[in-house]
Every structure is written in structure tokens, then in C-alpha cells.
Amino acid sequence: MKLFMLLLALIILAISPFIGETPLNVRKILDPDAMEYLLFWDLRLPRVIVAFASGAILALGGLVFQAVFRNALTTPFTLGISSGATLATAFAIVFLPTSLLALSPFFSFLGAFATVLLLFIFARTLTAMQTNALLLIGVALSFFYSAALMVLFYISDLQQSYSILRFTMGSLNIVGFNNVTPVMIAALGLLAVVLRYKQELRLILTSYENAFLKGVEIKKVNLILLFFVSLSVGVSVSIVGPIGFVGLVIPHVIKLLSKKSSDKLILPVFFYGGVFLVACDLIGRNLGTVSEVPIGVVTSFVGGPFFIYLILKGKQR
Amino acid sequence: MTLNINHLTTHYLRDISFTLENENLVILGSNGAGKTTLAQAIVHLLENESITIEDKKVSDLCAKERAKYLNFVPSKLEIFDEYIDVHEFLELSLLNGTPYEEIENVLRRLEIDHLKNKSCSAISSGESQLVLCASALLHNATLTLFDEPTANLDSDKKIKIFELLKNDDRFKIVITHDLNLAFKLGFRVIFLQHGAIVYDGRCEHFFEEENLNRLFGHSIRRVEDFFMVNYQ
């Protein structure tokens, strides 16, 4: 089972850049003058890499958040980070002149990052074990942002409303390697930080009381983990939009299949989170519709039923 | 080992002061007297400024140092991640220079080898008490506080834990409301009532009839060396 999954994942990763609306002549991708060269190196490959890195960030972020917040429904979006990014992007779409619209990823990163900072200011007044309070603050922030987003929808014209809506569905339409580097750095950086705090995370997974007694600086570790998850999610959202469901489903699926404690699932969740998004993108690009199906729609359509199936199957035993 | 508690007052405890100098202690008291709260305050699970150990203020210690001096063994094993097994849990308890091989020794000493690959959430409450004690031995803190270590246990397990508490030469505070356990341990006794200390002294004196009558009315009867609830 394990080997089969790994093999399937590697095949998906390997074939993904070669399959798309326009068939690719494999022999021509190394010829700089051919159309295929551009298609492969500037469109397909960056897209697959960004999909992988984003999926990995969201899934690993979900794993960490579920451990820290002791709540199976927590995802990197629960704290309002994606809502912050969406609001800032909507703001850019409505108020920025069209010539500056290229800056909107920067705005969405700013929105995500401002939310992170806001959460940290609140978190400083909470004690180590009050993670629930922080979670509630995140939920309240999300509602606040949604209300502000409604105002923006109300004052925007039709074209702008559509752009905002399209952003909230997520998109992997990226060109060139400019966007690849930040997401890659964010993904690998997050992985490094989580692996560095593996032992502390393991103790937190037993119980907060036990971690405290065994000498973990709980508040410090939690804040570091939250900060890096939020930061990398912010980078990902600013480039591909808020893609839902990956952060919720992948950690649970991997856990149900492998039956190991979360600290041992850091690498698998990172890897399969990336593969999942690549696979969903592969489906979205090849459904044969006029325009491609938004990635957020595919993740939910594919992930939702599978998730429910796994939970029901898990409950039977 | 020197533990000093200096005018500790919380929402529940009232002006608790005592010093422990190279000795063990039993804290007695009825339900809701504040025993567990006191223990949590000592290990700083409940934040306060009143505790010093080895002349260092506990509130000023970093987490690692605090773990070297103090450990608290709760009355229940609660593990969030259902896939952590007993052996893994015990690995996480290896502190203060305890070698890895010691896990096997402690498992054998408490006769719980057979549990080591079981999930911590799949073992019985009695077994989990023994696992917690194993964890405390591996943690090897200067002072360990046990919260109701023998509650809800079969008699053979009670005896096993009693022997451990009696014979292990590390310093400990045992919280219980089992008078027989306190009597047999023979440690210094502190008796709490409504968040205040109403008795602090030697074990033999605590169990004199006059003192028992003062603290319990006539609800406890001594029959030879055993203490019974006086149902009448």
C-alpha cells in the first residue's frame, strides 16, 4: 500500500508537466526555438513546482495547526490569514489603477502578513495554554474581514467583482520562474523549521501539561511554529490564492492510512500534500472545458467525498 | 534538596508556607481541600511567585532547568495523539541524563513490559498509573510530586506503587486521601482544609487518636494499624 502510493505519487509528478490542453512533443522541449520549449519551461514546469510547494505548505501547516490547537478542524486558514489576503487583494483590485494591478500578489501577501502580526499582538497577552482563545480571535477576524469584503464587493463594478471572486477560487496560472522561488523557499523553510522542533512537537502531542513538565517552552515553540506556518501560507496565498481543503484533508488522510503519531508524518504530509495539489491541477487542466476549472473547486470536489469515505471506513472498525 | 513555599495565596489556597529540607512529604485533605492546586503551584503549572527550590525562584527558571528540579505525576494519563505508544511516551521522559537502556529496566521493574507497544490511549487506568510512575523514574527530577498515585487501583498494583514510593530514595511529595497509605509511608504530613494548612508535623503524631478526632470528627476509626471509615 505504502509503496503503491509512493509509486503513484512519483508517476503523477513525472507526467504532470507533459500533459495539458496542448499536446507536447517531448523531443522538442530542449530546443529553445520551438514552441514546446516555452510551453514546457515557462508554463508547465513552474506551474507544477508551485502547485507542489503550495500543497506541501498547506498540508504541513494543517498538521502543525491541528497539533498546536488540539482541534481536528483547524487549517492554516482558520486564523483568518487567507481572509486577510483576500481582503487586501480585493482592495487592490478595486482601488488600484489597472496599470498597477500586477502588484496585487504583493498586496495579498501584505494582507496575510498583517493578519499574522495582529494575531501575534493578541497572542502576547494570552498565556501558554490559551490556544483556544487565539483560535476564536482568528475566527472573529475572518468574520470581520468577510464583512469588509462585502463592502468592497458592493462598491466594485462587475469586472472587479469577477476578479475578486476568481481570486478566492485560487489559480495556478503562473508564468515563468519569478513566482517559483518564493514559494519554494517558503515550503523548504517551513519544512526545516518543523523538523527542527520535531521533539518539542512530539511532547506537545502527548499533552500540554506533560510538555511543560518535560521542559518545553510551550509559548515560544507555539509562536515560532505559528509564525512560520502563517508566513509560508501568506506567501502561497499571494501567488495562487486561497486554496481550501488541502490543509484539512491531507493530514487526516495520511494519519488514517499510516496510523502513526503526527510527529512521524511531517515528511509524508509535506510530500503528499504537494502531490495532491499537483494531481488536482492535472485534473483541472484536462477536463476539456473551455477554460480550466479553478483549482480550489477541484480540491474540494476530489478531496471532499474521499475524506468522508475514509472517515466512515475508519469508524467501522 | 530544599523547597521553600513562602506565603502562597491563589484563588483557592490561603497563605501556605512551609519548608522541605531533604525529606519526603504526604499532603492529605478531603476532596476540594486544594491538594492538587498546591502541587500544581509548586511545579509552576499554576503561575505564582512564592516557590523556591535549591534557593532559586521557580518562576525565574527556564523550562529546562525547572524540569531538572521538579516533576509532577498527574492522577490520569491523558494523551492527545492516539498513535503514541507507551515506549514512545517513555522515551520522551528521558531527562536528566537517564540512559536509553533504562526504559527496559523500568518497564521490567514495574512489570509492564507487555504494554510497551500499546497505544497510550488503549491501556486501562490502572496500567496508565504504572506507566506514569515509570515516566517519573525516567524523568529523575530532584523532587517529584505524585497526585493520588494509588487511586482506582487493584490492591496488587497499590502495593507495587507503595513499595516504589517507600523504597525509591529520590525526594517526593505524595498527595492522597488514603490514610492507610500515608500511615504506612511514614513521611511528614501536611493536612489541608479549605485551602489552608491545619496540620503540619510528624506522621506518628498525626495519627494519634486525639488529632484524628480533631480533624475528622468521628468519621475515621483506627483498628490496630488500619484506618476505616466509621459507617456505624
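Chain naming here is simple, since letters A, B, ... match the order of the sequence lines and numbering starts at 1 in each.
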Participant: Which one, Leu205(A), Asp263(A), Ile204(A), leads in non-hydrogen pairs under 4.5 Å with chain B?
Facilitator: Leu205(A)
Participant: When rounded to the nearest 0.5 angstrom, what is the spacing between CD in Glu82(B) and OG in Ser262(A)?
Facilitator: 9.5 Å
Participant: Quick one: of Ser135(B), Ala141(B), Ser119(B), Ala63(B), who has the most non-hydrogen atom pairs under 4.5 Å with chain A?
Facilitator: Ala63(B)
Participant: Quick one, Asp81(B) and Lys255(A) - any side-chain contact, counting heavy atoms below 4.5 Å?
Facilitator: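 Asp81(B) vs Lys255(A): side chains touch.
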Participant: Would you mind checking which part of Phe72(B) comes under 4.5 Å of any heavy atom in chain A, side chain (CB onward), backbone (N, CA, C, O), both or neither?
Facilitator: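 It is both, since atoms from each part get that close.
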Participant: Can you tell me which portion of Lys260(A) sits under 4.5 Å from chain B's heavy atoms? Options are side chain, backbone, both or neither.
Facilitator: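 Contact with chain B is through the backbone of Lys260(A) alone.
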Participant: Any side-chain heavy atom of Arg202(A) within less than 4.5 Å of one from Glu91(B)?
Facilitator: yes
Participant: So if I apply the side chain to side chain contact (heavy atoms under 4.5 Å, CB included) rule between Lys214(A) and each of Leu92(B), Leu94(B), Leu95(B), which one comes out positive?
Facilitator: Leu95(B)
Participant: With side chain to side chain contact (heavy atoms under 4.5 Å, CB included) as the test, would you mind laying out the steps for Lys64(B) and Glu217(A) before giving the verdict?
Facilitator: CA-CA 8 Å; Lys64(B) 285 243 150 52; Glu217(A) 302 271 9; over 6 Å; no
Participant: Taking Leu213(A)'s backbone N and O only, do any of them form a donor-acceptor pair with Asn71(B)'s side chain (distance below 3.5 Å, no angle check)?
Facilitator: no
Participant: Count the heavy atoms belonging to other residues, nucleotides or ligands that lie under 6.0 Å from NZ of Lys157(B), then report whether that count exceeds 12.
Facilitator: yes
Participant: Give a yes or no on this: more than 12 heavy atoms of other residues, nucleotides or ligands lie within 6.0 Å of atom CZ of Phe171(B).
Facilitator: yes
Participant: Do the numbers put Arg66(B) on top of the ring of Phe212(A), so that NZ or CZ is under 6.0 Å from the six-membered ring centre and no more than 45° off the axis?
Facilitator: yes
Participant: Using non-hydrogen atoms and a 4.5 Å limit, figure out which bit of Cys62(B) sits close to chain A: side chain, backbone, both or neither.
Facilitator: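 When you check distances to chain A, atoms from both the backbone and side chain of Cys62(B) fall under 4.5 Å.
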Participant: Please check if the number of heavy atoms outside Met5(A) that lie under 6.0 Å from its CE is greater than 12.
Facilitator: yes
Participant: Check whether any side-chain heavy atom of Phe89(B) lies under 4.5 Å from a side-chain heavy atom of Asn210(A), and answer yes or no.
Facilitator: yes
Participant: Taking atom OH of Tyr83(B) and atom OG of Ser258(A), what is their separation to the nearest 0.5 Å?
Facilitator: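 Taking OH in Tyr83(B) and OG in Ser258(A), the distance rounds to 7.5 Å.
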Participant: Under 6.0 Å from the CZ atom of Phe144(A), do we count more than 12 heavy atoms belonging to anything else shown?
Facilitator: no
Participant: Measuring heavy-atom distances to chain B, does Gln66(A) have an atom under 4.5 Å in its side chain, in its backbone, in both, or in neither?
Facilitator: backbone
Participant: In terms of heavy-atom proximity below 4.5 Å to chain A, should Gln40(B) be classed as side chain, backbone, both, or neither?
Facilitator: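 Side chain only.
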Participant: So for Lys220(A), is it side chain, backbone, both, or neither that comes closer than 4.5 Å to the heavy atoms of chain B?
Facilitator: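 Looking at Lys220(A), nothing touches chain B.
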